[in-house]
**Student:** 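This is the structure, below, for whatever I ask next.
Proteins come first, then strands; the chains are lettered A, B, ... in the order of their sequence lines, and each starts at number 1.
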2 protein chains.
Amino acid sequence: MPPLAETASLLADRTRAAFCQVLLDGRAWTAGELARHAKVQPSTASEQLSRLVKGGLLTEERQGRHRYVRLAGPEAAALIEAVAAYAPDSPRPQNLRQSVRLNAEARARTCYDHLAGQLGVALADAMITRGLVADDSGLAVTPAGRAWLADALGYQRPAGARRPLVRSCLDWTERRPHLAGVLGATLCATALERQWVQRVGSGRAVKVTSMGVQAFEELLGAKVS
Amino acid sequence: MPPLAETASLLADRTRAAFCQVLLDGRAWTAGELARHAKVQPSTASEQLSRLVKGGLLTEERQGRHRYVRLAGPEAAALIEAVAAYAPDSPRPQNLRQSVRLNAEARARTCYDHLAGQLGVALADAMITRGLVADDSGLAVTPAGRAWLADALGYQRPAGARRPLVRSCLDWTERRPHLAGVLGATLCATALERQWVQRVGSGRAVKVTSMGVQAFEELLGAKVS
DNA sequence: GAGATGGTTCGGGCAGCGCCGAACTGTTAC
DNA sequence: GTAACAGTTCGGCGCTGCCCGAACCATCTC
């Protein structure tokens, strides 16, 4: 089997795809949690997780009787996003609970290690109009943006860093790009740490706190509900 | 089946993957050519092609008794590249003929609609050192690069153009990025048109002509063998 | 120690998918 | 017209691979 088909096979199954998509929240999940989420028996989850780990998409970490599993890295997340984003038509919500959850996620959520949804897109727009990021045939961090990253978020780039400072990530609810890469990740981490946003429920949804509304307004001139 | 698994399924088969990978040369192939290439019966090829077309990865065009098929667009090419590039270890050539072909492709080949291989990476490097493209947390065309694109290649951007001017595409032989996007495509088209490179064999391999060596040297200061 | 919980391994059943060959339709060449 | 050629449709076969339940192992609690 050629490598292309090999890699694609990893994502070409209902159960494994469900695992990968929740793991896009960037956190580590236990095998049992994932099994319940995907509605399969623990034995099935165990096998499929092993395949994903062996395929290099996931990494695992054993702690006592728990098996924690997370995405292998930003490349893995980017791959999953790329395949998922290719879907020509977005599916409609099936029932009320799902619809509520989707609404919350549409407003604000994490996408691997950065912010997405209306919030993510609004922040991206704000950074572009403020001149911190240039949207000039591909995204790039401006010198002003680099200063902001250091001053406002306290980030300093390590010497041999490979990961791009900013990367565009297509938002599957807004159908517009939001910010990934180092900038997106640092912003998201800072926002969680300083309680600008809080996780709600067990999914990827987050909500903006009143502190967050103020901070985003002051730091970026972004008006978020 | 969720959209992620749906899309991945399209590439998760030996035959369909083979189709997509040769179609990365950007040309239109007939169903029969693809069947012979993938070593399957015409009937099999016909069915699998229909799946790829229905899935939106390919578009078809009927001409008389021929069915021409090509990649649906740059997004489709980018998706296939992304999945293929994730392969952790590159496979070794199996036999002599394959090895020769791989060597030719490693030197210079097309990758969908732009140039790849050692040639593609060398050109990318040259454009960066000449200041035509900035490699600054993501690639971007500089003002000088924009002028070069107009003067040297005669390209003028249409009003409502959506495709990014330049995009980074990971080279699977060199393991380094080369240039895709409008810039990569225009450069490749010009190179073929002005006979700087010529296609060799029926695959994706190309070879640089003596005219090409001179042109790349003069226009970009790039030394290509 | 016993019991509960999280996870894994194994055997088996079932469905889906990919492949082929044969028959057929439509187009081009003579 | 006939013959050759490109492609499609359909029935059928075989294999893969996904899932489950049962037994088992390891860890933590009491």
**Student:** Please tabulate the protein-to-nucleotide N/O contacts below 3.5 Å involving nucleotides 14-17 of chain D, giving atom names and distances.
**Tutor:**
none

**Student:** Using a 4.5 Å cut-off on heavy atoms from C-beta on, say whether the side chain of A:L179 contacts that of A:L123.
**Tutor:**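 The answer is no; the side chains never approach within 4.5 Å.
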**Student:** Under 3.5 Å between N/O atoms: give me all the protein pairs with nucleotides 9-12 of chain D, atom names plus distance.
**Tutor:**
from   : atom 1 : to    : atom 2 : distance (Å)
D:dC10 : N4     : B:E47 : OE2    : 3.2

**Student:** Once you measure the plane-to-plane angle for B:H114 and B:H178, does it fall in the parallel (<30°), tilted (30-60°) or perpendicular (>60°) bin?
**Tutor:** tilted
**Student:** Using a 4.5 Å cut-off on heavy atoms from C-beta on, say whether the side chain of A:T7 contacts that of A:L79.
**Tutor:** yes
**Student:** Does a side-chain heavy-atom distance below 4.5 Å link B:L58 with B:R70?
**Tutor:** no
**Student:** For the pair made of CZ in A:R67 and C1' in D:dC25, what is the distance, rounded to whole Å?
**Tutor:**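 Taking CZ of A:R67 and C1' of D:dC25, I get 15 Å after rounding.
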**Student:** What is the separation between atom CD on B:Q41 and atom C1' on D:dC13, rounded to the nearest whole Å?
**Tutor:** 15 Å
**Student:** Applying side chain to side chain contact (heavy atoms under 4.5 Å, CB included) to B:T59 and B:V53, what does each step give before you reach the verdict?
**Tutor:** CA-CA 6 Å; B:T59 56; B:V53 169; over 6 Å; no
**Student:** If you find the nucleotide of DNA chain D closest to A:S9 and the one closest to B:E33, which residue's nucleotide is nearer the 5' end?
**Tutor:**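 Result: B:E33.
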**Student:** State, with a plain yes or no, whether a side-chain heavy atom of A:V182 is found less than 4.5 Å away from one of A:V166.
**Tutor:**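 Sidechains of A:V166 and A:V182: no contact.
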**Student:** Quick check for you: name the first and last nucleotides of DNA chain C, 5' to 3', having an atom under 4.0 Å from a heavy atom of chain B.
**Tutor:**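 Taking any atom under 4.0 Å from a heavy atom of chain B, the span is C:dG18 to C:dT28.
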**Student:** Expressed as a whole number of angstroms, how long is the span from B:H66:NE2 to D:dA4:P?
**Tutor:** 17 Å
**Student:** Find out whether B:E60 and B:S50 are in side-chain contact, i.e. whether some heavy atom of one side chain is under 4.5 Å from a heavy atom of the other.
**Tutor:**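 No, side chains not in contact.
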**Student:** I need the minimum non-hydrogen distance between A:A17 and A:L11, along with the two atoms involved.
**Tutor:**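 Closest approach of A:A17 to A:L11, heavy atoms only: CB-O, 3.8 Å.
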**Student:** Would you please indicate if the ring centroids of B:W196 and B:F216 are separated by under 6.0 Å?
**Tutor:** yes
**Student:** Just how large is the angle between the end axes of the helix from C:dG1-D:dC30 to C:dC30-D:dG1, five pairs per end, to 10 degrees?
**Tutor:**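 Here the helix ends are tilted 20° relative to one another.
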**Student:** Are B:V40 and B:L34 side-chain neighbours, meaning at least one heavy-atom pair lies under 4.5 Å?
**Tutor:**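 The answer is no, as the side chains (C-beta and beyond) never meet within the 4.5 Å cut-off.
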**Student:** Any side-chain heavy atom of B:L183 within less than 4.5 Å of one from B:L165?
**Tutor:** no
**Student:** Can you name the nearest heavy-atom pair linking A:A72 to B:Y86, along with the distance?
**Tutor:**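 Taking A:A72 first and B:Y86 second, the nearest heavy atoms are CB-OH, 4.4 Å.
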**Student:** With 3.5 Å as the limit, what N/O pairs link the protein to nucleotides 27-30 of chain D?
**Tutor:**
from   : atom 1 : to    : atom 2 : distance (Å)
D:dT27 : O2     : A:R65 : NH1    : 3.1

**Student:** Excluding sequence neighbours, so at least two apart, what forms salt bridge (charged side-chain N to carboxylate O under 4.0 Å, His left out) with B:E33?
**Tutor:** none
**Student:** Provide the closest heavy-atom pair for B:A35 versus B:F19 in the form atom of the first, atom of the second, distance.
**Tutor:** N-CE2, 4.3 Å
**Student:** Between B:R16 and B:Q48, do the side chains contain a donor N or O and an acceptor N or O under 3.5 Å apart?
**Tutor:**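 The criterion, which ignores hydrogens and geometry beyond distance, is satisfied for B:R16 and B:Q48.
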